[in-house]
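The block underneath contains the structure these notes are about, expressed in structure tokens.
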Amino acid sequence: MTRYLTVFTNKRMLISLLLGFSAGLPLALVGSTLQVWLAREKVDITTIGYMALVGLPYSFKFIWAPFMDNIRLPFLGLRRGWMALAQIGLFLATVGLAYANPATNMPLVSLLAFLVAFFSASQDIVIDAYRSEIIQDEKELGAGAASYIAGYRIAMVISGGVALGIADAFGWTYLYLAMAALNLMGLATVLCAAEPKVSRRPKATNVYDTMVVPLMDFLKRNGAMEIIIFVMVYKLSTLMATALTSKFLVDLGYSNTMIGAVNKGAGLIATIAGTLAGGSLMAKLGLKRSLFVFGIVQSVIGITFFLLARTASHAEELRNIWLVIVVCLDNFMMGMGTAALTGFMMNFCRKGYTATHYALLTSVMAVPRVILIAPAGVIVAAIGYDWFFLLTVPLAIPGLLLLNRYSHWESESGSGANKVATLDLALLALLMVSLLSLSAGPIWTWLGLSQMSTKSAVVGAIGVLVVVVAGLAKPYLNLKKLKLA
């Protein structure tokens, strides 16, 4: 095992770790930490709810990712130039937020928080492209993914947990100034790192070449929509099982202190350990086998939660011990699965258009999390937690079955000469419309049209379901006979 751990010792892993830290730091600053700040300043709950809209750039970063693939800034190269610009913008927006006052100027706070999210999402686009391009060896994919995730998780703890301690001791201004200073670590990493040596596509000369060609290039590869759907469904079992974790633990009678300590403490350590273990095992197993093995492993989470649900009548001490075991085991297994899926996305982005392709895949990866909470609640209300958790286990099957198509996906010629399948184009268009419909829900609520919000969410969820079912069925259809491709 030791020789598989040596993959973590090269410079590329250190760069991935530091860039992961840079990417993870801003997320809580416009999320949970900002919510606490607004609550302390007595901002009304409705306004705090609307502030969720500032996170929309994370869901739609694939829209401006093509610019970052095609337009080279006059300094530091294509990837490092955009990373540096995004990090400078992120630093300035965070400093501005430090001196804003939610109690007296909420519109300014909203604007600055949106800018933090925008520059953070923009940074994510280029960081994902950069680390995909500096890691060329498949044996390093797992380690690179694990290093990035570890840095990301550590940063989230600092900006979401440690930051609140800074606020208590020194105030909110110093908190955001401290986080802005930590953001400079990313800029320092960019200045010290080298530009990846990747052959570039012909220079874009018009809007079509800039915005459309990168997306079409992804659709030209073998099984393009199958790859997108695989990214969506690979962690379906895990996401469904954990959709109502907090509510589940509260209903079991665990205290807020116990839930927080286990999830944020032991759970974080287990997640990092799982990603590192997954990364090292991927060097031995290879990407395809790792995805299969880790896909089975992470489906066990439903069983562990089923067993936890059956401990409700046990003594408190025994229940607490079992909670720690379950949370650590589950986070460890989820870490392994996340490392494998991240490595998969890094591997299946065509070099030269990496920013667009990776931004597209990460955008669709988040879709199941958005649409699973509502049906999870309905199912739990109907059959109870224990049987609900058992029903999540078979949800791993679609992703595992799709892995049978892995060789077809990997047979990409690299020439980009294939034609875009009509059905793939139609399914991607439907998926994009569905994403817009899902994201429009908070906007309708903000406008006072709550019924439209519900309809928008339902239409979006149905659209995503149609895309998944059609994409899963496509390999087994005679498309030439149906004249769809």
Answer whether the closest heavy-atom distance between the side chains of [X] and [Y] falls below 4.5 Å.
X    : Y    : value
M225 : L428 : yes
L403 : F230 : yes
Y176 : L34  : yes
T238 : M333 : no
T362 : I125 : no
P26  : L90  : yes
W37  : L97  : yes
L18  : L14  : yes

So which heavy atom on [X] is nearest to which on [Y], and how close?
X    : Y    : value
A277 : F332 : CB-CZ, 3.7 Å
A150 : I272 : CB-CG2, 4.0 Å
L29  : S159 : CD2-CB, 4.0 Å
L76  : G81  : CB-N, 3.7 Å
A155 : F21  : CB-O, 3.1 Å
A23  : Q123 : CA-NE2, 3.6 Å

Donor-acceptor contact below 3.5 Å, side chain [X] vs main chain [Y]:
X    : Y    : answer
E226 : R405 : no
T173 : A98  : yes
E195 : R80  : yes
D330 : V327 : no
W82  : I71  : yes

Sequence neighbours left out, cut at 3.5 Å: what donor-acceptor pairs do the side chains of residues 289-302 make with other protein atoms?
residue, atom, partner, partner atom, Å
R289, NE, L285, O, 3.1
R289, NH2, L285, O, 3.4
S290, OG, G286, O, 2.6
Q298, OE1, K235, NZ, 3.2
Q298, NE2, Y234, O, 3.1
S299, OG, I296, O, 2.5

(message) Under the rule for ring-ring contact (aromatic ring centres under 6.0 Å, His included), what residues qualify as partners of W64, not counting sequence neighbours?
(response) F118
Rounded to the nearest 0.5 Å, what's the gap from [atom1] on [X] to [atom2] on [Y]? Could you check?
X    : Y    : atom1 : atom2 : value
M83  : L78  : CE    : CG    : 9.5 Å
I63  : M432 : CD1   : CE    : 9.0 Å
S147 : I15  : OG    : CD1   : 11.0 Å
W172 : L177 : CH2   : CG    : 13.5 Å
L402 : M232 : CG    : CE    : 11.5 Å
L427 : I229 : CG    : CD1   : 6.5 Å

(request) Please report the C-alpha distance between L187 and F91 in whole Å, then the side-chain angles of each, then the deciding distance to 0.1 Å, and finally whether the side chain to side chain contact (heavy atoms under 4.5 Å, CB included) criterion is met. (result) CA-CA 10 Å; L187 183 59; F91 172 79; over 6 Å; no
(message) Would H357 and I227 count as a side chain to side chain contact (heavy atoms under 4.5 Å, CB included) here? Give the steps.
(response) CA-CA 11 Å; H357 296 178; I227 292 172; over 6 Å; no
(message) Please determine whether side chain to side chain contact (heavy atoms under 4.5 Å, CB included) holds for the pair Y152 and L27, giving the CA-CA distance in whole Å, both sets of side-chain angles, and the decisive distance to 0.1 Å.
(response) CA-CA 10 Å; Y152 196 97; L27 195 61; 3.5 Å; yes
(request) Apply the side-chain contact (heavy atoms from CB on, under 4.5 Å) test between M336 and each candidate in N331, T275, L281; give the one that qualifies. (result) L281
(message) So for atom CZ, which belongs to R153, do other residues, nucleotides or ligands contribute more than 12 heavy atoms lying within a distance under 6.0 Å?
(response) no
(request) Indicate the ring-plane relationship of F344 and Y406, choosing parallel, tilted or perpendicular according to the 30° and 60° boundaries. (result) tilted
(message) By the side-chain hydrogen bond (donor to acceptor under 3.5 Å, both in side chains) test, which pairs, at least two apart or in different chains, include something from residues 110-120?
(response) Y58-S120
(request) Test side chain to side chain contact (heavy atoms under 4.5 Å, CB included) on I158 and M179 and set out the steps. (result) CA-CA 9 Å; I158 291 175; M179 296 302 107; 4.1 Å; yes
